[in-house]
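Written out below as structure tokens is the structure these notes cover.
Because the structure is predicted, anything quoted here is derived from the model rather than measured. Sequence lines set the chain letters: A, B, ... in the order given, protein chains first and strands last, and positions in each chain run from 1.
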There are 2 protein chains.
Amino acid sequence: MTTISVLLVDDHLVVRSGLKALLGTQPDFDVVAEAASGEEALELVEQHSPAVVVMDLAMGAGMDGIEAIRALRQRNGRQAILVFTTYDSDADIVRAVDAGAMGYLLKDASPDEIFAAIRGAVQGKSVMSAPVASRLFQQLRNPDEVLTPREAELLSLLTEGLSNRELGQRLFISEATVKTHLAHIYAKLGVETRAAAIATAIRREGMR
Amino acid sequence: MTTISVLLVDDHLVVRSGLKALLGTQPDFDVVAEAASGEEALELVEQHSPAVVVMDLAMGAGMDGIEAIRALRQRNGRQAILVFTTYDSDADIVRAVDAGAMGYLLKDASPDEIFAAIRGAVQGKSVMSAPVASRLFQQLRNPDEVLTPREAELLSLLTEGLSNRELGQRLFISEATVKTHLAHIYAKLGVETRAAAIATAIRREGMR
DNA sequence: TGGTCTCTCAGCCTTTTGGCTGATGCTGCT
DNA sequence: AGCAGCATCAGCCAAAAGGCTGAGAGACCA
């Protein structure tokens, strides 16, 4: 039997131990290293070149999971990257898949789901939790409601409470353009005010 | 040596396993049961009457952690309850302590912190993570920044994206009064716009 | 009884936001 | 070559939000 080498990336030690304990029950998994940050993950991948990287998206400080995935992909590693996170926000799912994640699991997934996802990942199969899949499906059905990259960027800044003027300065665009983007964002989110947009963004899109 | 019986309550299996693995490294801890929900926690406390209950606040569906703590306290159990959660929102901290939690740990706490907190809890000592303690301290030092009940109510509705007019209608007050409350809220939160207030409320005050 | 807090309301004025229409340059796809 | 989508910008106007001052009623406490 071929063993599958795994790198765990999560800023919470408890989660890493839990995952390690779970994977330890299976004969074909071998957790070769653990990282608590994106930066550390890059190093450890270099050192151990694991077959699979299981990665959280929300990482306290520094590089977040998405950036780490992107960085790993750019160094053309052959690792299969599996997202393992608490939230299933639309934006995160799309960005993670876009960045090159092979699968997307939620932290309340059952052990079997986790095992299957990892085994599938090394074989090039894409596995995701049911809620995640249904969200992706939803987006495919309603492409009109998908934010463009620029809009998502703006929405993200919006949730920090910036004014149109400030948004323009941050993004190096005029206030007029900010307003245009906002109008599109409101339409796509189905809201009419910036307040509602922020509320929706933080709750539904998971932008915190 | 007296062993300390522990009940773990967290809706994520990985977290429970991780915690169990960590506590297993110490000779004086004995994880007697695990619950995935508040309801289950109540049952298992009844069955095992553990010395300490380590509880997450965010629990998928049904009874949340705060309610579970309150319910346990009302059944006048002698368990020390320790909150073990991801976020340190002001509101959650206050509500948890108010509900009867002995300590408040964040999930990125080190094993030693966790061990110390559990051992302290059975001896009646209150242990909390540094960020948590500083937030509580902050509130005691600046009572001027504590929202009045009415203000908190308004802020909560604000996070749903309502306009001043709608807020007035919901609360049966004039728009002028809404504006007065908002001005006070902004001052207390240290923001200048409703957008920033919403962002702060959801992130810092934990109003989701 | 007086002071303080909280909640309530009004008016005035400035700034910000949102709705609308129209327009340009770029990219990618057909 | 042409079309669609994206990002950019402008101007105009109405609505909403925010800053400021002042003020009254009720609760609570010293």
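- Atom CG of L147(A) is separated from atom P of dA7(D) by 10 Å (rounded to the nearest Å).
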Steps toward side chain to side chain contact (heavy atoms under 4.5 Å, CB included) verdict (R150(A), L171(A)): CA-CA 9 Å; R150(A) 195 56 160 170; L171(A) 298 175; 3.8 Å; yes

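- With rounding to whole Å, Q169(A) atom CD is found 17 Å from dC9(D) atom C1'.
- Taking both residues in full, the closest heavy atoms of F115(B) and L22(B) are given as CZ-O, 3.5 Å, listed atom of the first, atom of the second, then distance.
- Between V52(B) and M102(B) there is no side-chain heavy-atom pair separated by less than 4.5 Å.
- The stretch residues 35-53 of chain A participates, sequence neighbours left out, in these salt bridge (Lys or Arg N to Asp or Glu O under 4.0 Å) pairs: E46(A)-R75(A).
- Residues I4(A) and Q26(A) form no side-chain contact, since every pair of their non-hydrogen atoms from C-beta on lies 4.5 Å or further apart.
- Here R70(A) does not pair with E67(A) in a salt bridge; the nearest charged N to carboxylate O distance is not below 4.0 Å.
- Between L158(A) atom CG and dT16(C) atom P there is a gap of 16 Å when expressed in whole angstrom units.
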Show me the protein contacts with nucleotides 25-30 of chain D, counting only N or O atoms at under 3.5 Å.
none

So which protein N/O to nucleotides 18-21 of chain C N/O distances come out below 3.5 Å?
residue: dG18(C); atom: OP1; partner: Y186(A); partner atom: OH; Å: 3.3
residue: dG18(C); atom: OP1; partner: R194(A); partner atom: N; Å: 2.6
residue: dG18(C); atom: OP2; partner: Y186(A); partner atom: OH; Å: 2.7
residue: dG18(C); atom: OP2; partner: R194(A); partner atom: NE; Å: 3.4
residue: dG18(C); atom: N7; partner: K179(A); partner atom: NZ; Å: 3.0
residue: dG18(C); atom: O6; partner: K179(A); partner atom: NZ; Å: 2.7

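- In this structure, CG of L167(A) is placed 12 Å from P of dT8(D), rounded to the nearest angstrom.
- Shortest non-hydrogen contact noted between A101(B) and V83(B) is CB-CG2, 3.7 Å.
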CA sep, side-chain torsions, deciding dist, call: L7(B), Q47(B), side chain to side chain contact (heavy atoms under 4.5 Å, CB included): CA-CA 11 Å; L7(B) 166 65; Q47(B) 284 178 34; over 6 Å; no

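- Rounded to 10°, the angle separating the first-five-pair axis and the last-five-pair axis of the helix from dT1(C)-dA30(D) to dT30(C)-dA1(D) equals 40°.
- Judged by distance alone, with hydrogens and angles left aside, the side-chain atoms of S156(B) form no donor-acceptor pair with the main-chain N or O of A152(B) at under 3.5 Å.
- The nearest whole Å value for the distance from the CD1 atom in I185(B) to the P atom in dA17(D) is 14 Å.
- When side chains are defined from C-beta on, E192(B) does not count as touching Y186(B), because their heavy atoms never get closer than 4.5 Å.
- A donor-acceptor contact closer than 3.5 angstrom is absent between the side chains of T180(A) and T177(A).
- Between L189(A) and E151(A) the shortest side-chain heavy-atom distance does not fall below 4.5 Å.
- Straight-line distance from the NE2 atom of H181(A) to the C1' atom of dC9(D): 10 Å, rounded to whole Å.
- Rounded to an integer number of Å, the gap from L154(B) CG to dC7(C) P is 10 Å.
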Audit row: E160(B), R170(B), side chain to side chain contact (heavy atoms under 4.5 Å, CB included) steps and yes/no: CA-CA 12 Å; E160(B) 288 174 20; R170(B) 283 280 196 101; 3.9 Å; yes

Where protein sits on nucleotides 24-30 of chain C, one letter per nucleotide: B base, S sugar-phosphate only, - none, heavy atoms under 4.0 Å: -------

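- Rounded to whole angstrom, the span from the CG atom of L162(A) across to the C1' atom of dT16(C) amounts to 14 Å.
- Here the side chains of V6(B) and P50(B) are not in contact, with every heavy-atom distance at 4.5 Å or above.
- In this structure, the side chains of L147(A) and L155(A) come closer than 4.5 Å at one or more pairs of heavy atoms.
- Contacts between residues 170-178 of chain A and DNA chain D, counted as heavy-atom distances below 4.0 Å, involve I173(A), S174(A), A176(A), T177(A).
- The closest side-chain heavy-atom distance from L182(A) to L158(A) is below 4.5 Å.
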